[in-house]
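Only one structure is covered here, and it is reproduced in the block below.
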2 protein chains.
Amino acid sequence: MTFSVAAATTAAIVPPPIPAPPTRAAETVTGRCAGCSARSKGLCGALTAGDLPDLSTTSRPLDLLSATPVVMEGEEAEAVFTVMSGMLKLYKTLPDGRQQITGFATAGDVIGLAVDSGYAYTAETVTASTVCRMSRTALRRLMERHPAVQGRLLAMTSVELSAAQDQILLLGCKTAVERVSSFLLALSRRSRPLADGTPSVFLPMPKVDIGAYLGLRPETLSRVLRKLEVAGAITRLTNDRIRIEDPAVLEAAA
Amino acid sequence: MTFSVAAATTAAIVPPPIPAPPTRAAETVTGRCAGCSARSKGLCGALTAGDLPDLSTTSRPLDLLSATPVVMEGEEAEAVFTVMSGMLKLYKTLPDGRQQITGFATAGDVIGLAVDSGYAYTAETVTASTVCRMSRTALRRLMERHPAVQGRLLAMTSVELSAAQDQILLLGCKTAVERVSSFLLALSRRSRPLADGTPSVFLPMPKVDIGAYLGLRPETLSRVLRKLEVAGAITRLTNDRIRIEDPAVLEAAA
DNA sequence: CGCTTAATTGACACAACTCAAATCTCGTGG
DNA sequence: CCACGAGATTTGAGTTGTGTCAATTAAGCG
């Protein structure tokens, strides 16, 4: 799972997140989760309304500013996080500092699932974001009580694996133009067209991050985007929005 | 599990640790699976001896020559295969014929798990191999009857995902020398040392395949191996076996 | 509105690729 | 058991797509 649209540049408050608010009468038992924007996605989508109390009592939402680390590669994996809004980048770092972004996470994506005790990657917000924290033990308990959660986890992991293998193909075989074209096409499939119906993509992350995702330097990315623009395939609307003028050209290049 | 840099331990998020291997061979009722070399690995490792009849009746072993395709990318995914012996390469192909090997499968690895109805990659033997076929519906039934199988599947998929992300790091960031060094080290961790105790790796696949896995041309791979040999890090024993003379040099290069 | 950071552009370098030829491997048949 | 031939591997020479370095321009923010 990866990119998508997202929004706010608005700042949010980091420090002390409010614990579960006291609940009200009728709807109370379902708690905060009932109205969550990611309610039907990720892990939570595997649960029925009646199960929501299990979620509400074991998870806690967090508002995060941009550039805030959520999990750190190698650190003890004590919790998983479901993205409710915003966007995060997931990356691995080599000893000498080189970084490879393995994906971008958006609403519904789950971050921090670990094979062993340590996180496999660092996750950091690229825009102000809201994530929902659940301890690993709570997740384990949730899986035991609700087998569907395990199935959902398997489904999500399988999709991620498939995406990772696509990325391996991209990084192992494709040229710079092909990588960028593939990236823009993949994004455009997940985002809504403009008012006039032409497809467009929103790129809230800095160019250097897109480059780090595609295995390219920002300079190379910049040159490729210019080339695609000259070729009439795209138009740069703003720094963070691109209109796809001719998907066919991109398809041909990807 | 395709081999890659991280031969991680058991999943922590995921319940099922490795059950003890079957103790007695006297259970004829369990049929062919009881003596299988992959009995304790892959999916089968999630089952206890008493469950083996379920396996024996729904799976079927196949002996394959080298260069035999087992599943084809995009084809309807009707079955999964557990590798019992030998080695297979898994790869994706671009429209113009470029191929990227996403992994090599050896004993215990499961091939053909698909997110949607089509296989995500082509799998082809690189040596004569034996695989065990199980239809998708049989697998589904097995999962229903034995929840541990689903857990095992999740664990295996998670390990694969982690390996895929390591490969993304390798392809996105590393130089040719770093790629080859990482590859040799990862292999050496999984293979037994020579009689005299020095670590060595066995490379039954052609060099062009190793290159296709590392995102390198065979010529480049050849030159890198020569450089590592001159540097005293390795020795070419035969065409398909390399002795690691100095792991530290490889570590430094990886 | 000024300052800091991000993005772009240009000039150049180099790691890896391409093309081509030589050499090695290994299975096969005599 | 050895010679043969097809394919694999290695080596060489030259090319090129990206990376690197540096300077300029644009964008975001207080």
Side-chain angles (χ1 to χ4, degrees), chain A residues 7-12 65-67 89 94 96-101 124 126-128 170-181 183 202-230 234-242 253, chain B residues 65-67 89 94 96-101 126-128 170-183 202-230 234-242 253:
Chain A
T9 337
T10 333
L65 293 172
S66 66
K89 60 176 172 180
L94 288 176
D96 66 357
R98 280 173 290 176
Q99 296 188 340
Q100 175 65 36
I101 292 182
E124 184 182 315
V126 296
T127 68
L170 181 144
L171 293 171
C173 288
K174 296 187 182 179
T175 66
V177 171
E178 291 167 341
R179 293 181 197 195
V180 176
S181 299
F183 176 70
F202 177 50
L203 304 166
M205 69 294 270
K207 297 283 185 292
V208 66
D209 284 348
I210 298 175
Y213 177 63
L214 298 176
L216 300 173
R217 296 293 125 133
E219 295 96 329
T220 302
L221 175 62
S222 179
R223 287 185 245 269
V224 169
L225 287 175
R226 151 124 354 254
K227 183 184 283 189
L228 290 176
E229 192 164 27
V230 170
I234 63 173
T235 302
R236 321 279 282 276
L237 299 177
T238 66
N239 186 47
D240 59 7
R241 183 166 288 281
I242 289 176
Chain B
L65 294 174
S66 65
K89 60 175 174 181
L94 288 176
D96 66 357
R98 281 173 289 175
Q99 296 187 340
Q100 176 65 36
I101 292 183
V126 297
T127 67
L170 180 144
L171 293 171
C173 289
K174 296 188 182 180
T175 66
V177 171
E178 291 167 341
R179 294 180 197 197
V180 176
S181 299
S182 300
F183 177 70
F202 178 50
L203 304 166
M205 68 294 268
K207 298 285 185 291
V208 66
D209 284 347
I210 298 175
Y213 177 62
L214 299 176
L216 300 173
R217 298 292 127 141
E219 297 95 327
T220 302
L221 175 62
S222 179
R223 286 184 246 268
V224 169
L225 288 176
R226 149 122 357 250
K227 183 184 283 191
L228 290 177
E229 192 165 27
V230 170
I234 63 173
T235 301
R236 322 279 283 273
L237 300 177
T238 67
N239 187 45
D240 59 8
R241 183 166 288 281
I242 289 177

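To find a chain, count down the sequence lines: A is the first, B the second, and so on, and within it residues start at 1. No hydrogens, no waters, no symmetry mates; every other heavy atom, side chains included, goes into these values.
In this structure, the CE atom of M205(B) is 18 Å from the C1' atom of dG7(D), given to the nearest Å. Note: NZ (K207(A)) to C1' (dT5(C)) measures 14 Å, nearest angstrom. The separation between L214(A) atom CG and dG17(D) atom P is 19 Å, rounded to whole Å. Rounding to whole angstrom units, CG of residue L203(A) and P of dA6(C) are separated by 16 Å. Taking atom NZ on K227(B) and atom C1' on dT11(D), their separation rounds to 15 Å, with Å as the unit. Between the P atom of dT20(D) and the CZ atom of R98(A) lies a distance of 9 Å, rounded to the nearest Å. Distance CG (L216(A)) to P (dA16(C)): 15 Å, rounded to an integer number of Å. Atom CD of Q100(A) is separated from atom P of dG19(D) by 11 Å (rounded to the nearest Å).
Side-chain atoms of I242(A) and E229(A), non-hydrogen and from C-beta on, never get closer than 4.5 Å to each other. Counting heavy atoms from C-beta on, the side chains of L170(A) and Y213(A) never come closer than 4.5 Å. In this structure the side chain of Q100(A) reaches within 4.5 angstrom of the side chain of L171(A), judged on heavy atoms. Looking at V208(B) and P218(B), their side chains come closer than 4.5 Å, going by heavy atoms from C-beta outward. Looking only at side-chain heavy atoms (C-beta outward), L225(A) and K207(A) come within less than 4.5 Å of each other.
Using a 4.0 Å heavy-atom criterion, one finds that G211(A) contacts no nucleic acid atom at all. Residue contacts shown for L225(B) are absent, as no nucleic acid heavy atom lies under 4.0 Å away. As judged by a 4.0 angstrom heavy-atom cut-off over every strand, P218(A) is placed among residues making no nucleic acid contact.
In this structure, CZ in R98(B) is found 6.5 Å from OG1 in T175(A), a value given to the nearest 0.5 Å.
Sequence neighbours left out, not one pair with a member in residues 212-221 of chain A passes salt bridge (Lys or Arg N to Asp or Glu O under 4.0 Å).
Residue T220(A) places at least one side-chain N or O closer than 4.0 Å to OP1 or OP2 of dG19(D).
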Which pairs, protein N/O on one side and nucleotides 19-28 of chain C N/O on the other, fall under 3.5 Å?
| unit_1 | atom_1 | unit_2 | atom_2 | d |
| --- | --- | --- | --- | --- |
| dC19(C) | N4 | E219(B) | OE2 | 3.2 |

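Taking for each of R217(A) and S222(B) the nucleotide of DNA chain D with the nearest heavy atom, the 5'-most of the two is the partner of S222(B).
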